[in-house]
Amino acid sequence: MQIETPRGPAIVEIDQARVPRFLFVLTHGSAGGVESPDLLAVRDAVREIGGTVARVLQPFRVAGGRAPGAPARQDEAWTALVTSLRERFPGLALVQGGRSNGARVACRTARAVGAAAVVALAFPLHPPGRPERSRAEELRGAGVDVLVVSGDRDRFGIPDQADAARLVVLAGEGHDLNRDPAHVGEVVARWLGPRFS
């Protein structure tokens with residue numbers, strides 16, 4: 001489905017749970033899409049625990065861009081599309097998440113959209129080789145519990161445990177989390193499952 005936002009259209013793939021218990025809105029990183037192995041594995045695992053999953057291709061990617069642009073504009077578009085999705089699925093609690101840049105958006109907008117929790121895959125703590133440019137404040141500012149799943153070889157850094165409700169560091173994984181995507185999905189489902197049982 002296509003959803004109009006103030007920054008252009010977004011494309012959303014909906015995979016409904018048999019008995020929906022919550023809505024999970026999930027998005028990609030800066031240059032990626034919604035078909036990456038980790039996002040698909042998370043989709044499958046979350047559907048099994050009752051999450052209806054909406055995978056969002058953000059407007060800047062629909063337009064062919066590889067960089068999201070100003071955070072305020074990206075957040076404006078995200079807030080509008082999540083509001084639209086919530087209207088389509090009334091009564092379901094909202095969880096939002098993303099990988100890399102998408103994780104940043106999910107954290108920054110969590111309060112504004114009324115999310116119950118955030119899943120941050122490969123949260124990019126800092127640009128590669130620039131640890132002094134920490135983005136930890138985005139994690140701390142989410143205002144809701146955040147699960148961070150990182151690889152121990154992530155060149156964008158690994159957040160501190162204190163900056164999230166839960167931090168899981170996967171051995172041998174890099175920023176793309178593609179070595180064992182099914183395990184990434186299991187980690188997410190184990191954390192979300194008890195919240196919506």
Side-chain angles (χ1 to χ4, degrees), residues 1-65 68 74-122 142 144-147 149 176-178 181-182 184-197:
M1 99 177 38
Q2 184 169 295
I3 295 179
E4 293 299 326
T5 82
R7 299 295 163 187
I11 295 175
V12 183
E13 302 275 346
I14 305 286
D15 294 285
Q16 296 197 44
R18 285 190 299 274
V19 181
R21 291 165 26 208
F22 62 98
L23 172 65
F24 185 41
V25 185
L26 182 63
T27 194
H28 51 79
S30 290
V34 296
E35 302 296 327
S36 64
D38 58 333
L39 295 188
L40 294 177
V42 168
R43 174 201 63 187
D44 293 345
V46 167
R47 283 185 67 216
E48 287 298 313
I49 61 166
T52 286
V53 181
R55 288 175 296 130
V56 176
L57 189 67
Q58 296 180 61
F60 76 93
R61 291 294 289 145
V62 173
Q74 190 180 20
D75 294 355
E76 178 188 29
W78 182 259
T79 300
L81 74 88
V82 170
T83 299
S84 178
L85 284 169
R86 293 198 83 181
E87 290 168 359
R88 287 174 164 83
F89 296 96
L92 291 181
L94 170 68
V95 175
Q96 60 181 15
R99 73 162 351 273
S100 193
N101 174 264
R104 296 180 65 195
V105 176
C107 288
R108 289 195 307 256
T109 61
R111 287 183 206 236
V113 299
V118 170
V119 173
L121 305 174
V144 299
D145 284 351
V146 179
L147 167 67
V149 182
D176 53 12
L177 297 175
N178 69 357
V184 176
E186 291 164 9
V187 168
V188 172
R190 276 200 306 267
W191 188 73
L192 286 175
R195 294 166 179 269
F196 300 100
S197 56

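Scope of the values below: all heavy atoms of this structure, side chains included, with no hydrogens, waters or symmetry mates.
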May I ask you to test the Arg61-Thr27 pair for a side-chain heavy-atom distance under 4.5 Å? no

One should read off an interatomic distance between Leu192 CG and Phe24 CZ, to the nearest 0.5 angstrom, of 6.0 Å

Throw together a table of side-chain donor-acceptor distances under 3.5 angstrom for residues 39-48, partners on residues two or more places apart or in other chains.
| residue | atom | partner | partner atom | Å |
| --- | --- | --- | --- | --- |
| Arg47 | NE | Gln16 | O | 3.2 |
| Arg47 | NH2 | Gln16 | O | 3.1 |

Do you know which two heavy atoms are closest between Gly33 and Leu57, and how far apart they sit? CA-CD1, 4.1 Å

Which atom names give the shortest non-hydrogen contact between Val187 and Leu147, and what distance separates them? O-CD2, 4.2 Å

Approximate separation, where rounding is to 0.5 Å, of Thr5 OG1 and Phe60 CZ: 11.5 Å

How close do Arg86 and Val113 get, heavy atom to heavy atom, and via which atoms? NH1-O, 2.8 Å

Which residues share a ring pair (Phe, Tyr, Trp, His ring centres under 6.0 Å) with Phe89, sequence neighbours left out: none

Quick one: CD on Gln58 to CZ on Arg7, what's the gap to the nearest 0.5 Å? 13.0 Å

From NE2 (His28) to CZ (Arg55), nearest 0.5 Å: 11.0 Å

Closest non-hydrogen atom pair between Ala17 and Gly51, with its separation: CB-O, 3.6 Å

Show me the side-chain donor-acceptor pairs of residues 91-98 shorter than 3.5 Å, one per line, residues at least two apart or across chains.
| residue | atom | partner | partner atom | Å |
| --- | --- | --- | --- | --- |
| Gln96 | OE1 | Trp78 | NE1 | 2.8 |
| Gln96 | NE2 | Ala106 | O | 2.8 |
| Gln96 | NE2 | Thr109 | OG1 | 2.9 |

Indicate yes or no: at least one non-hydrogen side-chain atom of Asp75 is less than 4.5 angstrom from one of Val105. yes

Quick check for you: to the nearest 0.5 Å, what is the distance between Leu26 atom CG and Ser36 atom OG? 8.0 Å

Looking at every heavy atom in both Gly29 and Ser100, which two are closest together, and how far apart are they? CA-CB, 4.2 Å

Might you work through the side-chain contact (heavy atoms from CB on, under 4.5 Å) test for Val12 and Val25, ending with a clear yes or no? CA-CA 9 Å; Val12 183; Val25 185; over 6 Å; no

Quick one: CD1 on Ile14 to CZ on Arg88, what's the gap to the nearest 0.5 Å? 8.0 Å

If you look at every heavy atom in Leu81 and Ala10, which pair is closest and at what distance? CD2-CB, 3.8 Å

Is any side-chain heavy atom of Val149 less than 4.5 Å from a side-chain heavy atom of Trp191? no

Side chains of Asn101 and Gln74: closer than 4.5 Å at any heavy-atom pair? yes

